[in-house]
There are 2 protein chains.
Amino acid sequence: MDTLLSIIAILVLAKVLGELVERAGYPVLIGEIAAGVILGPSLLGLVAHDQVIETLSTIGVIMLLFVIGCQMNLKLFVSSTARMVVTAVTASAVPICAGFLIGTLLHQPLILSFYIAIILSITSVGIVVPTLVGLNRFNTEIGTTIIGVAVLDDLIALTLYGIFSSMAAGNGISSTDLLVSVGISLLFIIGMATVGRFLIRRIFALSSRASSHEVSYAVALILAITGALLSHIAGLNYVIGAFLAGLLLGDLIRVDRQLFDSLTDSAFGFFVTLFFASVGLVLEITPQNLVSPLIVPMLLTAIGAKILGGYLGSIWFFKDVKSALLVGIGLCPKGDLPLAIGKYALLAGLISNELYTTTVLTVVATIVITPALLKQGFKRSAEPAPPG
Amino acid sequence: MDTLLSIIAILVLAKVLGELVERAGYPVLIGEIAAGVILGPSLLGLVAHDQVIETLSTIGVIMLLFVIGCQMNLKLFVSSTARMVVTAVTASAVPICAGFLIGTLLHQPLILSFYIAIILSITSVGIVVPTLVGLNRFNTEIGTTIIGVAVLDDLIALTLYGIFSSMAAGNGISSTDLLVSVGISLLFIIGMATVGRFLIRRIFALSSRASSHEVSYAVALILAITGALLSHIAGLNYVIGAFLAGLLLGDLIRVDRQLFDSLTDSAFGFFVTLFFASVGLVLEITPQNLVSPLIVPMLLTAIGAKILGGYLGSIWFFKDVKSALLVGIGLCPKGDLPLAIGKYALLAGLISNELYTTTVLTVVATIVITPALLKQGFKRSAEPAPPG
């Protein structure tokens with residue numbers, strides 16, 4: 001099939017399924033992944049995962065994390081309260097411990113236990129935010145806590161992922177490797193937050209003085225992809241640099257409403273759709289994979305550990321069981337990042353197709369279950385919905 | 001070089017050169033083509049014209065023609081006055097005759113004379129419109145005439161190009177071939193204007209009822225690419241279907257300001273830039289090509305024939321030599337279309353690299369010379385600039 005025809009087939013099916021899924025109250029990405037599954041080797045086998053679609057989906061995941069970074073309020077982030085930090089630590093630590101435990105109990109090698117731990121520790125900001133907006137709880141105390149914790153947990157997971165990918169690329173796990181990995185990760189993040197921050201903002205500010213508005217769009221894209229390439233050179237995944245670039249530019253880009261809309265429209269209308277579809281395209285669902293012994297423990301641990309982790313940290317501040325449980329539930333959705341990590345690990349030969357399918361099914365399940373649980377929980381919660 | 005790194009290199013250099021060129025008062029595309037020349041085989045040889053860049057630049061030229069189509073006023077188009085039609089005919093006929101004449105005088109085969117005739121007959125709406133806006137003459141009688149004629153000349157050139165490509169794909173030139181080519185071209189254009197119009201507008205209207213705004217963006221892109229693929233299947237170039245899709249959707253898309261801005265930003269900030277750069281990437285400028293005997297007659301005929309053609313038609317309506325000459329001068333700029341046709345013809349092995357380079361140099365020269373001529377001409381013209 002001609003590449004343009006493949007792209008059209010993906011876009012049409014992904015947008016139709018995405019719309020149906022969204023009308024049913026669930027995030028669009030479920031429909032977009034399904035489009036990839038249907039067109040890919042799992043079902044019809046019509047669309048191949050060629051180099052063009054690979055490049056477009058890489059730009060997609062870069063834009064996705066860049067836009068999510070842009071939506072964060074950096075000042076709120078820096079002045080994050082003790083509540084967010086403490087909850088972020090418990091909401092990461094419990095799933096990580098649970099991941100290593102489940103890996104050990106299922107006799108998986110250490111690197112795979114680490115993989116499971118990272119996947120379980122992730123909370124998707126990109127899914128959490130629209131879920132809270134949909135439930136009209138975005139600007140509540142619980143909602144703010146969930147978002148803050150989700151952002152911090154994302155950074156923790158991303159750092160862990162940096163360690164994981166460095167470890168996986170090496171031949172073994174030594175404390176030197178670990179130190180070097182952590183060192184490079186920290187160095188890159190510190191570099192981005194200092195020199196990078198200055199340069200990125202300077203370059204972007206310069207672009208807004210250009211003769212045409214599309215120069216700002218081009219420069220935002222250039223900075224996102226450059227950030228991604230630099231983090232890749234630093235041994236981390238593409239997504240980390242793109243997210244940091246977005247975080248550092250967020251306030252400047254949000255001021256230019258047209259630019260933010262253009263980035264969002266073109267990202268979610270084209271590139272990100274191809275990314276999610278490519279997640280489904282890589283997937284090879286077989287009957288054996290679907291009855292994998294990993295799925296049930298993985299999903300139960302994903303939800304249980306997140307609720308427990310979120311509860312244990314936030315209960316000290318909320319002093320209210322229902323609110324603390326709602327924070328835990330709100331942190332359950334996993335989204336783009338585990339899919340990106342899973343896809344990377346699969347293509348790098350680090351994990352089996354079985355574990356990749358388990359990851360994708362777990363992600364989809366957490367995305368589908370969370371809005372329903374949260375809806376019921378808020379109904380019974382003491383905290384009222386904000387007016388309007 | 002990694003594909004993402006190539007894309008970044010192209011974007012950075014193209015936007016820097018484009019900005020410099022724009023500040024000097026010339027259209028951005030000159031700088032973007034130059035970026036391709038510098039990075040491509042003509043100079044540094046750093047970036048290869050691989051399948052990813054080829055696909056992105058195809059999407060680029062599709063979006064370019066789609067956006068230009070969107071900017072047209074279809075009603076004005078349909079109710080176009082006798083003035084526009086008569087001038088369009090003379091402004092096409094004179095360059096076409098001149099092209100066949102120059103081809104014959106230079107002992108070129110008939111298919112190459114036809115190629116030269118098409119290239120000479122083209123006026124770029126995409127260059128004419130920003131040129132007139134920059135000179136504050138967009139909404140004058142002369143400006144309106146130039147734009148209307150440019151649009152009609154575009155359609156004439158596109159139809160001729162359909163005949164040319166069908167002829168070129170065949171083994172010879174028979175009157176049956178010619179009839180079939182014209183028949184298919186007309187059938188496609190009539191089909192798009194009737195059934196296509198209904199379907200395209202229906203599908204787009206449906207998309208505006210979707211839950212997320214990016215669905216409209218995706219659907220606009222889907223319709224543009226589908227139109228392009230259909231015109232390709234009908235034996236015409238991609239650009240024709242994309243332009244018609246834009247023309248048929250223009251009023252609906254212009255109403256949604258955010259969508260129009262998103263399409264423009266992402267087109268000119270990314271895809272179209274890669275298209276223009278790829279024009280330069282394909283180019284192999286050698287000293288022999290630069291001293292080609294074709295360049296001087298080609299450029300002089302391009303400008304002379306357009307001015308004469310525009311003058312001969314419009315003088316009957318303006319009754320004023322200066323105004324009629326200004327219409328002719330305003331019609332001189334060639335842009336994206338001859339580059340697209342030239343690139344297609346080069347890649348299909350229909351024209352030599354020498355003729356391709358001549359085409360590109362002629363295009364660049366007309367773009368650079370026209371604004372200066374027009375500026376001087378309007379200064380001496382009787383027609384006053386509109387207030388504001």
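All chains are named by letter (A, B, ...) in the order of the sequence lines, taking the proteins before the strands, and each is independently numbered beginning at 1.
Listed in order of number, the residues of residues 213-221 of chain A that approach chain B to under 4.5 Å between heavy atoms are A:His213, A:Glu214, A:Val215, A:Tyr217, A:Ala218, A:Leu221.
With a 4.5 angstrom heavy-atom cutoff, B:Thr58 touches chain A only via side-chain atoms. Of the two parts of B:Phe271, only the side chain, counted from C-beta on, holds a non-hydrogen atom closer than 4.5 Å to a non-hydrogen atom of chain A. Heavy-atom distances place the side chain of B:Leu229, and not its backbone, under 4.5 Å from chain A. If you measure heavy-atom distances from B:Ile53 to chain A, you find no contacts under 4.5 Å at all. Contact of B:Leu263 with chain A is not made at all, since no heavy-atom distance falls under 4.5 Å.
In this structure, B:Val28 and B:Phe276 have side chains that are not in contact, with every pair of non-hydrogen atoms separated by 4.5 Å or more. The side-chain heavy atoms of B:Val52 and A:Glu54, taken from C-beta on, include no pair separated by under 4.5 Å. At a threshold of 4.5 Å between non-hydrogen side-chain atoms, the residues B:Phe66 and B:Ile253 count as touching. The side-chain heavy atoms of B:Leu17 and B:Ile38, taken from C-beta on, include a pair separated by under 4.5 Å. When side chains are defined from C-beta on, B:Leu248 does not count as touching B:Leu223, because their heavy atoms never get closer than 4.5 Å.
Comment: B:Arg201 engages B:Asp251 in a salt bridge, judged by a side-chain N to carboxylate O separation of less than 4.0 angstrom. Of the charged side-chain nitrogens involved, none lies within less than 4.0 Å of a carboxylate oxygen, so that B:Glu19 and B:Lys15 do not count as a salt-bridged pair.
Under the side chain to side chain donor-acceptor pair (under 3.5 Å) criterion, B:Thr370 pairs with no residue, sequence neighbours left out.
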